Amino acid sequence: MRIITWNINSLRLRLPLLRKLVEEETPDIICLQETKVHDDLFPQHALDDLGLPHYLYKGMKSYNGVAIFSRYPLELVDHFPEWCGKKDCRHLAVSIGTPDAPILLHNFYVPAGGDIPDPTENEKFAHKLNFLKETTNWFQKTPPTRSILVGDLNIAPLENDVWSHKQLLKIVSHTPVETESLNEWINTGFIDAMRQIIPASEKLYTWWSYRNKDWKKSNRGRRLDHIWISPDLKEKVQNITVLSHARDWETPSDHVPVMMDINPS
DNA sequence: ATGGTCGTCGTACGA
């Protein structure tokens with residue numbers, strides 16, 4: 001089973017790139033974040049011929065939004081709270097029908113958190129920390145089994161998840177309070193599948209800012225996108241690939257897709 | 001030293 005997660009930064013603008021991604025990699029499942037389209041305007045007919053006939057989406061006007069496309073039947077899993085009491089379309093959970101037991105798949109878009117890393121001065125940062133606290137509490141009560149969690153978590157937790165650990169310690173996405181919060185969440189019972197395949201001693205990024213003229217030359221990236229698995233799937237992971245070349249596509253997203261091959265049977 | 005660039009909506013705001 002091949003799963004891709006991608007912050008597409010506007011589904012409607014990048015429909016041709018989604019098509020290209022599906023043609024090149026033939027995934028069985030794609031999880032998107034920042035679709036930025038209200039459900040009423042979801043371009044489903046433009047996607048009829050993708051070969052991923054099962055899909056679910058949760059979107060709003062302009063901001064956020066998540067979607068999942070699948071070759072296999074999906075069932076919405078909706079017994080989750082509205083995180084932070086907001087209906088801001090940051091989480092979609094589905095059960096994937098496989099020949100064996102189903103797989104529970106979470107697609108998350110964690111709040112970015114604004115620029116100032118102080119919850120008393122910046123309510124977006126407070127929202128981010130509260131979001132992490134709520135998800136952590138929830139998974140503590142319900143440790144994951146046969147589960148995959150993917151998405152744009154907007155935190156680069158390890159030193160080699162950023163281009164300069166020292167220079168980013170006070171930059172939102174790599175502050176100690178964030179990386180510690182993310183560690184608490186993953187420690188509710190997940191494994192960082194990307195770092196199981198690509199050792200923590202290697203630099204690994206999934207996002208490069210639009211603000212650098214030459215993303216490849218400056219290479220000031222961060223690993224903001226993640227794939228986590230429950231321990232019972234640990235031996236099933238076959239490969240993980242960061243599709244960095246997608247950053248060079250025409251009108252690219254600032255995030256690149258991350259792909260996992262897993263044999264869940 | 002502190003810009004720099006996108007996408008969406010509508011000429012600001014979030015990332």
Side-chain angles (χ1 to χ4, degrees), chain A residues 5-21 31-43 46 57-67 83-84 86-91 107-119 121-132 150-157 161-164 166-175 177-179 181-182 205-226 243-258:
Chain A
T5 178
W6 189 24
N7 179 321
I8 195 169
N9 187 15
S10 173
L11 172 60
R12 286 175 294 176
L13 185 70
R14 280 182 248 286
L15 276 171
L17 295 188
L18 179 60
R19 191 172 298 282
K20 185 187 182 78
L21 177 64
C31 296
L32 299 176
Q33 305 87 34
E34 282 208 90
T35 53
K36 293 187 175 176
V37 59
H38 191 279
D39 289 348
D40 293 343
L41 296 171
F42 194 84
Y57 46 83
K58 185 160 38 164
M60 57 194 277
K61 193 179 175 181
S62 305
Y63 304 117
N64 312 331
V66 280
W83 307 112
C84 301
K86 293 177 191 283
K87 297 188 174 179
D88 54 358
C89 309
R90 295 181 178 276
H91 179 212
N107 181 16
F108 270 100
Y109 175 54
V110 170
D115 290 332
I116 303 163
D118 180 343
E121 278 183 51
N122 171 10
E123 50 181 59
K124 287 181 206 147
F125 196 72
H127 177 213
K128 184 177 197 174
L129 297 182
N130 286 332
F131 190 100
L132 296 165
V150 307
D152 176 5
L153 305 185
N154 266 315
I155 297 172
D161 293 340
V162 292
W163 62 276
S164 168
K166 202 176 164 186
Q167 282 176 263
L168 286 170
L169 274 170
K170 290 179 178 172
I171 302 297
V172 170
S173 74
H174 194 62
T175 65
V177 65
E178 290 170 89
T179 56
S181 297
L182 197 71
Y205 314 137
T206 65
W207 172 90
W208 291 263
S209 171
Y210 284 127
R211 295 177 190 180
N212 290 312
K213 269 216 166 65
D214 187 333
W215 73 275
K216 204 178 277 177
K217 194 178 170 192
S218 56
N219 198 24
R220 295 186 166 191
R222 304 178 202 168
R223 184 170 72 110
L224 303 180
D225 303 274
H226 297 267
L243 301 173
S244 308
H245 68 280
R247 192 62 180 77
D248 271 334
W249 285 346
E250 201 176 323
T251 330
S253 168
D254 44 357
H255 295 253
V256 298
V258 183

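A note on names: the letters A, B, ... follow the listed sequences, proteins ahead of strands, and every chain is numbered from 1. All values derive from a computational prediction rather than experimental measurement.
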Nucleotides 10-15 of chain B: protein proximity per nucleotide (B base, S sugar-phosphate only, - neither; heavy atom, under 4.0 Å): ----SB

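- Taking the ring centre of A:W163 as origin, the terminal cationic atom of A:R220 falls inside the region bounded by 6.0 Å and 45° from the ring axis.
- Residue A:T251 is classed as a sugar-phosphate contact, given heavy-atom separations below 4.0 Å to backbone atoms only.
- Between A:D214 atom CG and B:dG4 atom P there is a gap of 18 Å when expressed in whole angstrom units.
- For A:I8 and B:dT8, the CD1 to C1' distance is 15 Å, given to the nearest whole Å.
- When rounded to the nearest whole Å, the span between CH2 of A:W207 and P of B:dC6 equals 13 Å.
- As rounded to the nearest Å, B:dG14 and B:dC9 have P atoms that lie 14 Å from one another.
- Side-chain N or O atoms of A:R247 include none that pairs as donor or acceptor with a backbone N or O of A:K216 at under 3.5 Å.
- Defined by atom type and a distance below 3.5 Å, a donor-acceptor pair is present between the side-chain atoms of A:E34 and A:N7.
- Straight-line distance between the P atoms of B:dT2 and B:dG7: roughly 28 Å, to the nearest whole Å.
- At a threshold of 4.0 angstrom between heavy atoms, the contacts of A:R14 are confined to the sugar-phosphate backbone, with no base atom among them.
- With 3.5 Å as the limit, one finds a donor-acceptor pair spanning the side chains of A:D248 and A:W215.
- Dashed line: the shortest gap from a side-chain N or O of A:S209 to OP1 or OP2 of B:dT5 is not under 4.0 Å.
- Each of A:R220 and A:L13 was assigned the nucleotide of DNA chain B with the nearest heavy atom; the assignment lying further toward the 5' end belongs to A:R220.
- Put simply, the side chain of A:Y210 gets close to the backbone of A:D254: a donor and an acceptor are under 3.5 Å apart.
- Whole-Å rounding puts the A:K213 NZ to B:dG4 C1' distance at 8 Å.
- Counting only Watson-Crick and G-U wobble pairs whose two key distances fall under 3.5 Å, DNA chain B forms stems of three or more stacked pairs at B:5-8 with B:12-15.
- Atom CG in A:L15 sits about 14 Å away from atom P in B:dG7, given to the nearest Å.
- Other residues, nucleotides and ligands contribute more than 12 heavy atoms inside 6.0 Å of the CG atom of A:N219.
- In this structure the side chain of A:L11 reaches within 4.5 angstrom of the side chain of A:L18, judged on heavy atoms.
- Panel note: side chain A:R222, backbone A:I155; no donor-acceptor pair is recorded below 3.5 Å.
- In this entry the distance linking CD of A:Q33 with P of B:dG7 reads 17 Å, nearest Å.
- Between the C1' atom of B:dT8 and the NE2 atom of A:H38 lies a distance of 15 Å, rounded to the nearest Å.
- Between A:M60 atom CE and B:dC9 atom P there is a gap of 11 Å when expressed in whole angstrom units.
- Exactly one residue among A:D152, A:N107, A:N154 makes a side chain to side chain donor-acceptor pair (under 3.5 Å) with A:Q33. That residue is A:N107.
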